[in-house]
Protein chains: 2
Amino acid sequence: MGISERKERDKQELRQRIIDAAKDIFIEQGFEKASIRAIAERIEYSPATIYLHFKDKDELLHAIHEVGFLQLAVLKKDLTSIQDGFEQLTQRAKIYLQFAIDNPEMYGLMFIQDAPMEAIKKCKEEDEWNCGMEVFEGLVQNLLLCMKQGLIPETEVHVLAMTVWAYIHGIASLYIKGRFFMFESKGLDVHQMIEASFKVMLNLFKSK
Amino acid sequence: MGISERKERDKQELRQRIIDAAKDIFIEQGFEKASIRAIAERIEYSPATIYLHFKDKDELLHAIHEVGFLQLAVLKKDLTSIQDGFEQLTQRAKIYLQFAIDNPEMYGLMFIQDAPMEAIKKCKEEDEWNCGMEVFEGLVQNLLLCMKQGLIPETEVHVLAMTVWAYIHGIASLYIKGRFFMFESKGLDVHQMIEASFKVMLNLFKSK
DNA sequence: AAACTTACTAAACAGTGTTTAGTAAATAAA
DNA sequence: TTTATTTACTAAACACTGTTTAGTAAGTTT
């Protein structure tokens, strides 16, 4: 009975085509322009077809945001090979920040917008936001390595990870949401300031 | 010629009524529900009338976001009377964070959403986002006080302020946008973690 | 050949921001 | 006082949005 299996494959393939098309429009033209109708048109199906694969737009955006985490995972994949904990932490932060700057719409979906989390809330089986957890766990492991190497003081590692994450996310989100714009109009070099802030933050973490 | 002046007053009053109604709906029912039509209905005017006072929705949201900064300013007004720089910094951060938790929609408008900044970009006279600048300047002055009192090491103060702001905003925005949700579902007390992270961050800043 | 299932969509519903054309009243000019 | 003009306002339309419903046409099973 290969027929029903082929049908299932076809179904999954169409689902993937929807996600890909949605992601492309989302990346190219931004959140606003990524309408169900525009996505449907790109894959040459009717808008209603999308609802055979996704409960609502939130669920589709949730699927896209997972693609974003996959993208980020690729960028992070070589991090653990960096022996020095502190150097790894520096690179980790830089990758995260660069990802946000290079993919502001996707970063927004992953860490700022309500949509993907709404989807989690709606489906009863608690997803627990595994995507975000994975990023966080990487940071936790990194910080544990730093502690093992005596580079930073022993502290409750989850709290420490939360602190580092908050800082990096703060820089990333204020930047991509235009809140450092005031510096630019005052003639200051924002990128340079971020770089300097980065160094300040890292130095603070060094155990004396 | 009191007539034209009265007319001008009436005009400004209606403008203010629009802002107030918009703010109320925005606060009560969230960003999504604050439609032009809903705002118009509340003040018993037609939707088109709103466009006689505001170029577009972004401009209206920009006006609302200024009300938010006024609200925040009230909460901050007694801060400078705190003599100890470090204590003032602590209280400043707490007020900022508490404001975000108590008024998530308004905080979103002030520091996360695109709308108000779009309005700035659209009108040619560079607004420079004075609202945000004011908050930032308060932090800068606070940090200068800390340095004067030898509580923190001498560093380029704008970079330092950016660092502190990013951290606090990071905590605030990740919290209100549900990204700490994963901790909750793991049985951790998020508020306690934030409190702990707060202490970690403040201790990092203390000069040894 | 008839019954059933699947995959899909046209069209509608209820909402959105925004613009246009037009009205009715208040004011200014004749 | 009558006419002209400006002002304040809105009904209705336009072009969108997410989503649902009812129906069709093809494929599969009986």
Side-chain angles (χ1 to χ4, degrees), chain A residues 1-19 21-22 25-26 29-64 105 109 113-116 118-119 121-123, chain B residues 1-19 21-22 25-26 29-64 105 109 113-116 118-119 121-123:
Chain A
M1 295 277 153
I3 291 173
S4 64
E5 282 153 19
R6 189 214 67 213
K7 287 215 169 183
E8 179 58 28
R9 271 207 319 277
D10 287 354
K11 200 168 180 174
Q12 288 306 314
E13 198 207 292
L14 181 50
R15 188 190 145 93
Q16 194 55 51
R17 289 222 295 139
I18 294 169
I19 295 173
I25 295 177
F26 182 80
Q29 286 165 250
F31 182 78
E32 306 273 81
K33 293 274 175 188
S35 71
I36 298 289
R37 279 176 176 81
I39 295 160
E41 195 175 3
R42 176 158 307 200
I43 57 169
E44 294 175 295
Y45 278 80
S46 90
T49 298
I50 292 176
Y51 288 88
L52 300 174
H53 295 265
F54 300 93
K55 187 175 140 284
D56 55 23
K57 202 184 174 182
D58 285 352
E59 200 171 287
L60 172 55
L61 287 171
H62 183 260
I64 298 174
E105 297 282 347
L109 194 59
Q113 274 169 239
D114 295 324
E118 292 296 320
K121 275 181 214 159
K122 275 170 198 165
C123 81
Chain B
M1 297 279 150
I3 291 173
S4 65
E5 283 154 20
R6 190 215 66 212
K7 287 215 168 183
E8 180 57 28
R9 272 208 317 279
D10 286 356
K11 199 168 179 173
Q12 287 306 313
E13 199 207 293
L14 180 51
R15 188 191 145 90
Q16 194 55 52
R17 290 221 294 138
I18 294 169
I19 295 173
I25 296 177
F26 182 80
Q29 286 165 251
F31 181 79
E32 305 273 81
K33 292 273 175 189
S35 71
I36 298 289
R37 279 175 176 82
I39 296 160
E41 195 175 3
R42 176 158 307 199
I43 57 170
E44 294 174 297
Y45 278 80
S46 90
T49 299
I50 291 176
Y51 289 88
L52 300 174
H53 296 265
F54 300 93
K55 186 175 141 286
D56 55 21
K57 203 184 174 183
D58 285 352
E59 199 170 288
L60 173 55
L61 287 172
H62 183 261
I64 298 175
E105 298 282 347
L109 195 59
Q113 274 170 241
D114 295 324
E118 291 296 319
K121 275 181 216 161
K122 275 171 198 166
C123 82

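Quick note on labels: first sequence line is chain A, next is B, and so on, each numbered from 1.
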### Task
Could you go through the side-chain contact (heavy atoms from CB on, under 4.5 Å) check for A:Leu14 and A:Leu52 one step at a time?
CA-CA 10 Å; A:Leu14 181 50; A:Leu52 300 174; over 6 Å; no
Smallest separation among heavy atoms of [X] and [Y], with atom names:
{"X": "A:Ala63", "Y": "A:Ile19", "answer": "CB-CD1, 3.8 Å"}
{"X": "B:Ala115", "Y": "B:Leu61", "answer": "CB-CD1, 3.6 Å"}
{"X": "A:Ile39", "Y": "A:Ala22", "answer": "CD1-CB, 3.7 Å"}
{"X": "B:Ala40", "Y": "B:Ser46", "answer": "CB-C, 3.8 Å"}

### Task
Work out how much the helix from C:dA1-D:dT30 to C:dA29-D:dT2 bends between its end axes, five pairs an end, to the nearest 10 degrees.
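Overall, the helix from C:dA1-D:dT30 to C:dA29-D:dT2 bends by 30° from one end axis to the other.
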### Query
Quick one, which residues of residues 29-43 of chain B touch DNA chain D with a heavy atom under 4.0 Å?
B:Arg37
### Interatomic distance where CZ belongs to A:Arg15 and P belongs to C:dA7 [whole Å]
15 Å
### Task
Round to a whole Å and report the spacing from CG of A:Leu14 to P of C:dA7.
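Rounded to the whole Å, the gap is 10 Å.
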### Task
Give me the residues of residues 52-64 of chain B where at least one heavy atom lies under 4.0 Å from an atom of DNA chain C, by number, or none.
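The stretch gives B:Asp56, B:Lys57 as the residues lying under 4.0 Å from the strand, ordered by number.
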## Note on the structure
Sorted by number, residues from residues 44-51 of chain A placing a heavy atom under 4.0 Å from DNA chain C are A:Tyr45, A:Ser46, A:Ala48, A:Thr49
### Task
Output every pair passing ring-ring contact (aromatic ring centres under 6.0 Å, His included) with a member in residues 33-63 of chain B, not counting sequence neighbours, ordered by first then second residue.
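ring-ring contact (aromatic ring centres under 6.0 Å, His included) check on residues 33-63 of chain B returns B:His62-B:His65.
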### Task
Compare all side-chain heavy atoms of A:Thr49 with those of A:Ile43 and state whether any distance is below 4.5 angstrom.
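When only atoms from C-beta onward are counted, A:Ile43 and A:Thr49 do not touch, as no gap falls below 4.5 Å.
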Those residues that, when tested against [X], pass salt bridge (charged side-chain N to carboxylate O under 4.0 Å, His left out) (two or more places apart):
{"X": "B:Arg17", "result": "none"}
{"X": "B:Arg15", "result": "none"}
{"X": "A:Glu118", "result": "A:Lys121"}

#### Entry: Residues forming a side chain to side chain donor-acceptor pair (under 3.5 Å) with A:Gln12, sequence neighbours excluded
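Applying side chain to side chain donor-acceptor pair (under 3.5 Å) to A:Gln12 gives A:Glu8.
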### Message
My understanding is that only residues two or more places apart in sequence, or in another chain, count here; which of them pass side chain to side chain donor-acceptor pair (under 3.5 Å) with B:Gln16?
### Response
B:Asp20
### Message
Just checking B:Gln29: does its CD atom have more than 12 heavy atoms from other residues, nucleotides or ligands closer to it than 6.0 angstrom?
### Response
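More than 12 within 6.0 Å, yes.
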### Task
For B:Glu105 and B:Gly30, indicate whether the former's side chain and the latter's backbone hold a donor-acceptor pair under 3.5 Å.
no
### Task
Quick one: which residue pairs count as a salt bridge (charged side-chain N to carboxylate O under 4.0 Å, His left out) with a foot in residues 51-60 of chain B, not counting sequence neighbours?
B:Asp56-B:Lys122, B:Asp58-B:Lys122
What nitrogen or oxygen pairs link the protein and nucleotides 4-6 of chain C at under 3.5 Å?
none

